[in-house]
Amino acid sequence: MSLLIQEIPATNAPIGLLLLADPSEEKIRSYLPESKCFVASSNEAVVAACVVLQIKAGIYEIMSIAVQTAHQQAGYGTALLTWIIDFYRQSDASEIRVGTGTFGYQLAFYQKHGFRVTSIDHDFFIKNYPEPLFEDGIPLFDMLRLTLSYSGRTN
Ligand SMILES: CC(C)(COP(=O)(O)OP(=O)(O)OC[C@H]1O[C@@H](n2cnc3c(N)ncnc32)[C@H](O)[C@@H]1OP(=O)(O)O)[C@@H](O)C(=O)NCCC(=O)NCCS
């Protein structure tokens, strides 16, 4: 797999792609200006993107990560997430956080990379999105918050 991963200006973020991970364009546009946007390209075509926001010193949150539908399950998401984890390990990061639904393959995807469940945000998806969200036909209510701690500590 030949993949080029690089940071791009947030103003050039591929919104259509990011909508696969966060269906609210309004929300994406609210955190983009303060975030870093990374894209993965294959043969000069963007196949995946990830937006990371600094929460406070040393603490970062993956706000969205998405792979083009036609390219999913081909390893690009794993390659991009691994790159992001290494990139922040080499910076001042002590931890990276991410929020996801309480079920679905995404939960395993993050935990395979060392993320641990740290809390549950009850009714997050109801409170933060105007329309109901579904995964595998099941309504999403609660968000699981996961943390990758570079020190290995979970509290
Ligand atoms: C989540 C996502 C970024 C993973 O990227 P990807 O390139 O598809 O994932 P990879 O090919 O690297 O595979 C990672 C693992 O996820 C699994 N996986 C990926 N898509 C899957 C799917 N639709 N159904 C079941 N498993 C899936 C793979 O089988 C693989 O499992 P393995 O490690 O046991 O082999 C991508 O599927 C995506 O963009 N999904 C839609 C947006 C989204 O849900 N973003 C995350 C929001 S929390």
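All heavy atoms count here, side chains included; hydrogens, waters and symmetry mates do not. Ligands are counted one by one from 1 in listed order, and the atoms in each one are counted from 1 as well.
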- Minimum non-hydrogen distance to atom 17 (C) of ligand 1, winning option of Tyr76, Tyr105, Tyr110: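 The nearest heavy atom belongs to Tyr105.
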State whether the shortest distance between N or O atoms of [X] and N or O atoms of ligand 1 falls below 3.5 angstrom.
{"X": "Thr78", "answer": "yes"}
{"X": "Leu20", "answer": "no"}
{"X": "Phe109", "answer": "no"}
{"X": "Ala21", "answer": "no"}
{"X": "Gly77", "answer": "yes"}

- Item | Thr100: numbered ligand 1 atoms lying under 4.0 Å from its heavy atoms |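 Listed by number with element, the hits are 48 (S).
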- Task: Tell me, please, which residues at least two apart from Gln68 pass side-chain hydrogen bond (donor to acceptor under 3.5 Å, both in side chains).
- Result: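 Gln68 satisfies side-chain hydrogen bond (donor to acceptor under 3.5 Å, both in side chains) with no other residue.
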List, one per line, each side-chain donor-acceptor pair under 3.5 Å for residues 15-26, sequence neighbours excluded.
unit_1	atom_1	unit_2	atom_2	d
Asp22	OD1	Ser24	N	3.1
Asp22	OD1	Tyr129	OH	2.8
Asp22	OD2	Tyr31	OH	3.0
Ser24	OG	Lys27	N	3.0
Glu25	OE2	Arg29	NE	2.9
Glu25	OE2	Arg29	NH2	2.9

- Query: Under 3.5 Å, is there a donor-acceptor pair linking the side chains of Ser149 and Thr147?
  - Reply: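 Absent: no donor and acceptor within the cut-off.
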- Just by distance, with hydrogens left out, do Asp136 and Tyr105 show a side-chain donor and acceptor under 3.5 Å apart?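 On atom types as modelled, these side chains do not qualify, holding no pair under 3.5 Å.
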- Task: Evaluate the 4.0 Å heavy atom contact test for atom 30 (C) of ligand 1: does a protein atom fall under the cut-off?
- Result: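 So atom 30 (C) of ligand 1 lacks protein heavy-atom neighbours under 4.0 Å.
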- Task: Could you tell me the residue and atom name of the protein heavy atom closest to atom 8 (O) of ligand 1, and the distance to it rounded to 0.1 Å?
- Result: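 Of the protein heavy atoms, Gln73 N, 2.9 Å lies nearest.
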- Item | Region of Ala79 that comes within reach of ligand 1 [heavy atoms, distance under 4.0 Å] |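 It is neither; nothing of Ala79 touches ligand 1.
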- From Ile65 atom CD1 to Leu81 atom CG, the distance as rounded to the nearest 0.5 Å: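 Rounded to the nearest 0.5 Å, the CD1-CG separation comes out at 5.0 Å.
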